[in-house]
Amino acid sequence: MLVDYLAPWPYVMTPLYVIPILLAAHALSPRATAGVAAVATLINILSGLLQGTPLLIHAIYSVALVLTDYLAVAFAAERQRAARHAQAAEAAHERLQFFMRCVVHELGNPLTVLGGYVSRLHHQQGLSPEAEQYVVTLEHTAERLKCLVRDLRDAGHLGTDYFQIHPAPTDLVAVARDVLALRQASTDDHQLRLDAPTRLVGVWDEERISQLLANLISNAIKYSPAGGPVQVTITSTAAEAHVSVADQGLGIPPDQMDDIFRPFERLHTDEVVEGLGLGLTIAKGIVEAHGGRIWVESAPGQGSTFHFTLPLRAGVVA
């Protein structure tokens with residue numbers, strides 16, 4: 001109130017009472033904000049009456065202050081609700097990660113045993129052609145299950161200390177060539193192409209980068225059921241490497257563009273597409289763990305192009 005008496009015009013001090021109200025709305029609970037607002041408004045009313053501020057001016061400013069009180073309390077309530085939702089989402093995410101780690105743990109030992117017996121059967125002499133085909137099918141199925149378990153493990157570790165990278169000097173182009181050769185051997189309907197410099201060396205985790213490229217290329221093959229080219233392009237600037245993986249497949253519907261990097265999201269659910277929907281989630285985690293970014297350009301029926309960047313750090317381009 002002392003400040004009011006020192007002001008040239010008593011009524012110009014009323015807007016200053018808004019400051020503590022807004023500060024309370026940004027930091028306190030709705031109830032505490034309402035308390036601060038009530039005290040500030042009461043002081044303003046008493047101050048105006050004691051100083052003889054013209055009634056019309058006093059009424060206008062007081063109504064405006066009351067409206068500010070209401071908006072401040074509403075803002076504090078919305079902020080509190082948003083905080084609760086964020087906490088609930090974080091708790092649900094932690095439960096999901098814990099569940100996936102439990103599943104990985106429970107499946108790990110049985111898969112190891114299954115793989116051992118399948119390997120012994122594969123080298124067994126005297127099997128009939130039919131039995132040999134059964135063994136090959138079992139071998140492929142076991143390998144498929146191992147990949148699914150690995151994806152579950154990595155997805156469960158994303159955002160935790162369990163998900164680690166071990167950077168070392170790595171030739172990105174050499175890694176891309178190896179991944180393309182491996183994936184090309186598994187498909188006759190797709191032509192995997194690489195446009196890249198001779199070498200591109202940076203400080204990255206070679207195993208994780210290989211996994212990243214394999215996930216993106218596998219995704220391009222998976223969502224190009226009619227076959228066709230898959231183009232991998234690698235370029236660089238002085239600061240970072242840029243990689244794109246382009247296909248001519250189904251494309252991504254606009255309403256799914258914001259969800260593709262979320263775990264267990266499946267595109268084109270009417271299509272018969274294998275997988276848990278974790279490949280892109282893991283790819284995003286690997287890129288961000290390296291300090292890069294990942295995004296996609298796509299249109300239905302016109303294919304998709306996934307882009308990612310990786311800081312070169314101490315990289316050298318040749």
Side-chain angles (χ1 to χ4, degrees), residues 97 100-101 104 108 112 143 146-187 190-222 229-247 260-261 263 275 278-297 304-318:
Q97 288 183 315
M100 288 191 289
R101 289 197 292 269
V104 169
T112 300
E143 189 60 33
K146 288 180 183 178
C147 291
L148 293 177
V149 169
R150 184 200 64 186
D151 286 349
L152 280 170
R153 180 200 64 204
D154 288 342
H157 288 169
L158 288 175
T160 73
D161 292 337
Y162 294 101
F163 190 84
Q164 298 179 348
I165 62 170
H166 304 283
T170 299
D171 184 355
L172 179 60
V173 177
V175 173
R177 288 197 191 101
D178 290 343
V179 173
L180 282 168
L182 185 63
R183 298 302 292 124
Q184 185 65 81
S186 67
T187 177
H190 302 82
Q191 300 80 47
L192 308 187
R193 303 169 180 170
L194 176 63
D195 182 7
T198 306
R199 296 177 72 243
L200 178 51
V201 179
V203 183
W204 305 303
D205 185 322
E206 181 175 345
E207 183 178 349
R208 288 297 188 184
I209 296 302
S210 177
Q211 183 183 5
L212 163 63
L213 287 169
N215 282 1
L216 293 179
I217 294 169
S218 296
N219 191 75
I221 292 172
K222 184 188 304 181
V230 174
Q231 178 69 46
V232 178
T233 303
I234 301 176
T235 59
S236 67
T237 65
E240 64 184 13
H242 176 269
V243 181
S244 64
V245 179
D247 64 65
I260 57 173
F261 293 108
L278 292 174
L280 293 179
T281 302
I282 296 168
K284 182 174 184 288
I286 294 172
V287 170
E288 292 180 347
H290 282 83
R293 56 194 180 93
I294 186 169
W295 69 99
V296 62
E297 298 172 349
S304 303
T305 301
F306 283 85
H307 302 265
F308 68 86
T309 62
L310 298 170
L312 281 176
R313 297 174 186 164
V316 177
V317 182

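As the structure is a prediction and not an experimental result, all values here were calculated from the model. Quick note: residue numbers are just sequence positions, from 1.
- Put simply, CG on Leu310 and CD1 on Ile209 are 4.5 Å apart, with the number rounded to the nearest 0.5 Å.
- Looking at every heavy atom in both residues, Ala283 comes nearest to Asn215 through N-ND2, 4.2 Å.
- The side-chain contact (heavy atoms from CB on, under 4.5 Å) check on Glu207 picks up Asp205, with sequence neighbours excluded.
- Residues satisfying the side-chain contact (heavy atoms from CB on, under 4.5 Å) test with Val287, not counting sequence neighbours, are Leu212, Ile294, Phe308.
- Of the inter-residue distances, the one linking Ile260 atom CD1 with Thr281 atom OG1 reads 9.5 Å to the nearest 0.5 angstrom.
- Shown here are the side-chain contact (heavy atoms from CB on, under 4.5 Å) partners of Thr233, two or more places apart in sequence or in another chain: Asp195, Gln231, Thr235, Ser244.
- Between Phe261 and Phe306, the ring-plane angle classifies as perpendicular under the 30° and 60° cut-offs.
- Two residues are said to be in side-chain contact when any heavy atoms from C-beta on lie closer than 4.5 Å; Val245 and Val230 meet this criterion.
- Between the CD1 atom in Ile234 and the CG atom in Leu172 there is a gap of 4.0 Å [rounded to 0.5 Å].
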Quick one: side chains of residues 173-185, donor-acceptor pairs under 3.5 Å with protein atoms, not counting sequence neighbours, listed by atom name and distance.
| unit_1 | atom_1 | unit_2 | atom_2 | d |
| --- | --- | --- | --- | --- |
| Arg177 | NH2 | Thr198 | O | 3.4 |
| Arg183 | NE | Ser218 | OG | 3.0 |
| Arg183 | NH1 | Ser186 | OG | 2.6 |
| Arg183 | NH2 | Ser218 | OG | 3.4 |
| Gln184 | OE1 | Leu192 | N | 2.9 |
| Gln184 | NE2 | Thr187 | O | 3.1 |
| Gln184 | NE2 | His190 | O | 2.8 |

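- With values rounded to the nearest 0.5 angstrom, Ile165 atom CD1 is found 11.5 Å from Trp204 atom CH2.
- Checked against side-chain hydrogen bond (donor to acceptor under 3.5 Å, both in side chains), Glu288 has the following partners two or more places apart in sequence or in another chain: Lys284.
- Glu240 contributes atom CD, which lies 14.0 Å from atom NE2 of His290 (distance to the nearest 0.5 angstrom).
- Taking Pro311 as the reference, Arg313 meet the side-chain contact (heavy atoms from CB on, under 4.5 Å) condition, with sequence neighbours excluded.
- Rounding to the nearest 0.5 Å places CG of Leu200 at 5.5 Å from CG of Leu312.
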